[in-house]
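Report on the structure given below.
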Amino acid sequence: MQSPSPIRNRKYATEITVANDGEHVSIAGWVHEKRDLGGVFFLIVRDLRGYSQVTLHKGKVEKELFEHVKRVPRESVVAIEGKVKSEPKAPLGYEIIPERMEVLSEASQVLPLDTTEKVGAELDTRLDARFMDLRTERTKHVFVIRSRVLKAIRHFFDAKGFIEINTPKIVSAATEGGTALIPISYFEREAFLNQSPQLYKQMLMGAGFDRVYEIAPIFRAEEHDTTKHLNEATSVDVEVAFVSDKEVMAILEELIAFVYSKVMDYPDLGKLNLKLEVPKLPFRRITYDEAIKLLSEAGEEIEWGEDLSTSAEHTLGRIIDELYFITDWPCAIKPFYAQPATKGKSICNAFDLMHPKVELASGSQRVHSYELLKRNIESKGLSADSFEYYLDTFRFGMPPHAGWGLGVERLLMSMLEINNIREVVLFPRDRRRLAP
Ligand code: AMO
């Protein structure tokens, strides 16, 4: 078979304008739609940035080319050379009168999804044919925005002098109680996929890297199949030395406002019909005690020391209806590394950042005393021996420090008003879904 010729001087639909009227151009993309109006035939070719209208007038183009274009199945990949003609009724104000078309890859006639979105599909069907779902306008924007969010986060931390780190994802111990670990076969030993970079980011505080961040996957065998849990999620993790929980909360809210502002600059945001506003700083702060009081007034009783259920989170979200922090959590429901507020008290300097519909982040001031940390690990029923490599760093000069973890998908779904977290992951992993 002949290898395909390179597409020379290929232009995106949006790179051509009416100002190019009369010029020769070369485009390439997917056959989005075909419209046969008898004497005129329209081929809409889609690329990453937009749609070009290719117009063929029967009798004015070679019969062979006319038939070739008419026959090409939707979603085939084509390269077209032709002349630009100004046309106010076309999607971008111009049309292309073709002179040559090459079918680079012919698609099967029956498509798993309608990429024009005229016929809707269930989320499961869309995720099964995700490669094609990603060709739809709305889904594409979600992922371009996701990329923008990640860039904004890196930009934010770089400007503040943070060091970006990469910590191991194959580990020997759990960090977060509550969610189950995903075991893997690692030669002759037991190992797991990491639930959080928690222990490593803290160890780096001991190493003197006093402000770090990581954007990486976290793995959790979530027991329930919910619309806000993934088994593989992306977390933005931050750790800062010589500060308290208060300072890292300020960094977190500043980051969120910055990300909102960057998403609001997205030129195609209007296509997603969102009512987005940059949240005002500082975010409201309520204590855990105030939260359970508000819940009790709303008829939802929470026993002190109990974690907030999804329903409690939603009730609070209806009452508060903006981004807010819940602070001063009972230590019993926070991990061993959270610092107790004052000696002997059962409240920790820990916080959660809440969107009215979903928890976005959690963090704390950390225990930096070796003895207290060891006691805490043991009092949570864990073995101090399996944390030896972590605990050791606390014996040789560990500064006070604080940090948090923010779920990228939770942030995206809340900003973009998307109800199911799977929609903001290219190829989501949940209890049932291991492919594609
Ligand atoms: P936590 O367990 O609260 O804290 O996780 C931090 C944030 O990560 C996101 N997240 C998830 N997103 C989708 N699916 C999941 N299964 C999932 N699990 C967590 C949430 C959550 O708020 N080590 C601490 C952070 C710290 O204290 O620095 C931790 O992991 O948005």
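What you are looking at is a predicted structure, and each value in this text was computed from that prediction instead of being measured. Whatever order the structure lists ligands and atoms in, that order sets their numbers, starting from 1.
In the candidate list Lys201, Glu222, Arg220, Glu222 is nearest to atom 16 (N) of ligand 1, counting heavy atoms. Nearest to atom 24 (C) of ligand 1 by heavy atom, out of Tyr337, Phe351, Trp404, is Tyr337. By heavy-atom distance, the residue among Gly407, Ser414, Ser364, Ser362 lying nearest atom 4 (O) of ligand 1 is Ser362. Of the candidates Ala233, Pro197, Ala402, Ala233 brings a heavy atom nearest to atom 13 (C) of ligand 1.
For Lys271 and Glu137, the salt-bridge test passes: some basic side-chain N is under 4.0 Å from an acidic carboxylate O.
Pairing each heavy atom of Ile27 with each of Lys11, the nearest pair is CG2-O, 3.7 Å. Taking all atoms of both residues into account, the shortest heavy-atom contact from Ala291 to Ile326 is CB-CG2, 4.4 Å.
Set against the non-hydrogen atoms of His229, the atoms of ligand 1 under 4.0 Å away are 14 (N), 16 (N). For ligand 1, the atoms lying closer than 4.0 Å to a non-hydrogen atom of Gly405 are 6 (C), 7 (C), 25 (C), 26 (C), 28 (O). If you number the atoms of ligand 1 from 1 as listed, the ones under 4.0 Å from a heavy atom of Lys228 come out as 13 (C), 14 (N). Near Ile421, meaning under 4.0 Å from any of its heavy atoms, are these atoms of ligand 1: 13 (C). Taking every heavy atom of Gly363 and a limit of under 4.0 angstrom, the matching atoms of ligand 1 come to 27 (O).
Side chains of Glu247 and Ser244: a donor-acceptor N/O pair is present below 3.5 angstrom, by distance only. Between the side chains of Asp237 and Ser235, at least one donor-acceptor pair of N or O atoms lies under 3.5 Å.
For the pair Glu359 and ligand 1, a heavy-atom separation below 4.0 Å is found. Residue contact annotation: Ala361 has a non-hydrogen atom under 4.0 Å from ligand 1. Contact between Glu239 and ligand 1 is absent, with no heavy atom of the residue lying under 4.0 Å from the ligand. Using a 4.0 angstrom heavy-atom cutoff, Arg366 counts as in contact with ligand 1.
Checked against a 3.5 angstrom limit, the closest N/O atoms of Leu360 and ligand 1 fall inside it. Ligand 1 has an N or O atom lying under 3.5 Å from an N or O atom of Ser196, backbone or side chain. Polar contact with ligand 1: absent for Leu406 (N/O pair, distance under 3.5 Å).
In this pair, Tyr390 and Phe336 present their aromatic rings perpendicular. The plane angle is above 60°, beyond the 30 to 60° band.
Taking 4.5 Å as the limit, every side-chain heavy atom of Lys140 sits out of range of all side-chain heavy atoms of Asp268. Side-chain contact check for Leu43 versus Met101: some heavy-atom pair is nearer than 4.5 Å. Side-chain contact check for Val408 versus Arg146: some heavy-atom pair is nearer than 4.5 Å.
Annotation: the span from Thr393 atom OG1 to Phe387 atom CZ amounts to 12.0 Å, rounded to 0.5 Å.
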